[in-house]
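Only heavy atoms go into these numbers, but all of them, side chains included; no hydrogens, no water, no symmetry mates. Labels below follow one simple rule: chain letters A, B, ... track the order of the sequence lines, proteins then strands, and each chain is numbered from 1.
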Amino acid sequence: MVIFEPKIEDMKFEVNAFDGNSEARAGIIETGHGPIKTPIFMPVGTVGSVKGVNQRDLITDVKAQIILGNTYHLFLRPGIETLELAGGLHKFISWDKPILTDSGGYQVFSLAENRKLKEDGAHFSSHIDGSKHIFTPENVVDIQRVIGADIVMAFDECTPFPCDYSYAKKSMQLTHRWLARGIKRFDETEPLYGYKQTYFPIVQGSVYKDLRIESANTIASFDRDGYAIGGLSVGEPVEEMYDMIEVVNEILPKNKPRYLMGVGTPVNILEGIARGVDMFDCVMPTRNGRNGMLFTRDGIINIKNVKWKNDFTPIEKNGASFVDEKFSKAYLRHLIVSKEILGAQIASLHNLSFYLWLVTEARNRIVDGSFAVWKSEMVQKLAVRL
RNA sequence: GGGGAGAUACCAAAGUGGCCAACUGGGGCAGACUGUAAAUCUGCUGGCGCACGCCUUCGUAGGUUCGAAUCCUGCUCUCCCCA
């Protein structure tokens, strides 16, 4: 059981250091569940579980500072009644560090078959039992109040790629109208569990520069504790993604954390940091890990490949997780190939630890002034296929 | 000793005259995965060229036929039942 009592306090963001050569900065976000040192990577725990990694290892080994939950999935299972009876998601899953919940906007996009977008909200059928539901900017706030997320995400439409200009524009405008409604509801309601929650708006606009500028200006006009960039890493070329980040971060307040939703590869993250992004999340370290892809400082390993069959060297020499020295590549390959649960667990632990090492190291480099050189070296190495 | 069933590619298992280099599953090899309906999905898996094609395969040796994994005969082996 959780025995701590979170304090009520305003969320604060303080920038501790700027890189100088890029837009990168190192900061700290104060929440009711403790500080988050940025730049940060947030492991994804969709249904109240970072797949394959338990809460203790998440803290002691991965060194996660904040994790994600998903409104859509938690709403369907276990449901808000259970979450409220549990006293919120933190208590339910026994996690006393910050939680950010995605609003379900991405699910509305990815579960396209059964959704219908209307002015009032998104109408959809549950992928579990087919039951019909409506998500509105207001009830998604209400649900996230019950979940008790420290950071509540706005309800948006995440446009697919490719997406023609007129649809992207209409969608963005809808997202903006939903934003105003969501903020209104949020500001009219109180947290249920005694600690501060905050609400992040989301920039949309697909890959269109003028739409991104308009969207960034619109959301920046609302004074919030942080801002998110959505609708990227959905299949567009990475250069377009980087361009959009630059355009948007030009406008978003410098003194507030910026969250690039759903990104990405280790290289994407370093490029994002260099462009002034502070927060990232992605399923890649866990999902790809379960499927045998390992991210290391020297590049990417497909541990299923036969070339590792008799390689008894450590998973990663001097790696960030205890599993790196404890187990050999040959053993991990055997586990993954044999579809052993432990293989997925070790790979997830390794990848998440590596991601957290990466952002922590980036922060240290920003602070000591060596970020630029280090980043360009790392970007070369990280994409190598070993 | 008597009766019955069967031998197909790495394994299992379809196919019973041409559309069969041979369904399907497993295994093997490779690839994909970016706000998680994913411990998932895709491709390849006889040889050579790798598009088209050519060559060698369905226990084994013959035979019938324009044509056989598929029909006939001998042989070898395996399994089951009864003594």
Is Val50(A) touching bases, backbone alone, or none of the nucleic acid, heavy atoms closer than 4.0 Å?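 Result for Val50(A) = nothing.
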
Return whichever of Asn305(A) or Gly262(A) has its heavy-atom-nearest nucleotide of RNA chain B closer to the 5' end.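 Residue closer to the 5' terminus by nearest nucleotide: Asn305(A).
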
Partner residues of Asn318(A) under the side-chain contact (heavy atoms from CB on, under 4.5 Å) criterion, sequence neighbours left out: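 With neighbours one apart ignored, the set is Arg297(A), Glu325(A).
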
Think Arg385(A) has a side-chain N or O under 4.0 angstrom from the OP1 or OP2 of A30(B)?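 Answer is no, no contact under 4.0 Å.
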
Of all pairs that satisfy salt bridge (Lys or Arg N to Asp or Glu O under 4.0 Å), the ones with a partner from residues 131-140 of chain A, not counting sequence neighbours: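 Checked against salt bridge (Lys or Arg N to Asp or Glu O under 4.0 Å) - neighbours excluded - the pairs reaching residues 131-140 of chain A are Glu138(A)-Arg181(A).
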
Measure distances between side-chain N and O atoms of Thr286(A) and base N and O atoms of U36(B), and say whether any donor-acceptor pair falls under 3.5 Å.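 Such a pair is found, so the answer is yes.
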
Is it true that Asp187(A) and Arg224(A) make a salt bridge, defined as a side-chain N closer than 4.0 Å to a carboxylate O?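 The answer is yes: the pair qualifies as a salt bridge.
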
P atoms of U57(B) and A68(B), separation to the nearest Å: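 So the two P atoms sit 12 Å from each other.
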
Counting side-chain heavy atoms from CB outward, which of U36(B), U40(B), C29(B) is closest to Arg333(A)?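 The answer is C29(B).
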
Decide whether a cation-pi geometry holds between Arg145(A) and Phe186(A); the criteria are a distance under 6.0 Å from NZ or CZ to the six-membered ring centre and an angle within 45° of the ring axis.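 Yes, a cation-pi geometry holds between Arg145(A) and Phe186(A).
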
Give, ordered by number, those residues of residues 156-167 of chain A having at least one heavy-atom distance below 4.0 Å to an atom of RNA chain B; if nothing qualifies, reply none.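 Of all residues in residues 156-167 of chain A, the ones placing a heavy atom under 4.0 Å from RNA chain B are Asp156(A), Cys158(A).
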
Pairing check on C19(B): which nucleotide meets the Watson-Crick or G-U wobble criteria with it, both distances under 3.5 Å?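 Pair assignment: C19(B) / none.
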
Any strand counts, and the cut-off is 3.5 Å on both contacts for Watson-Crick or G-U wobble. Which nucleotide pairs with A51(B)?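 The base-pairing partner of A51(B), which may sit in any strand shown, does not exist here.
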
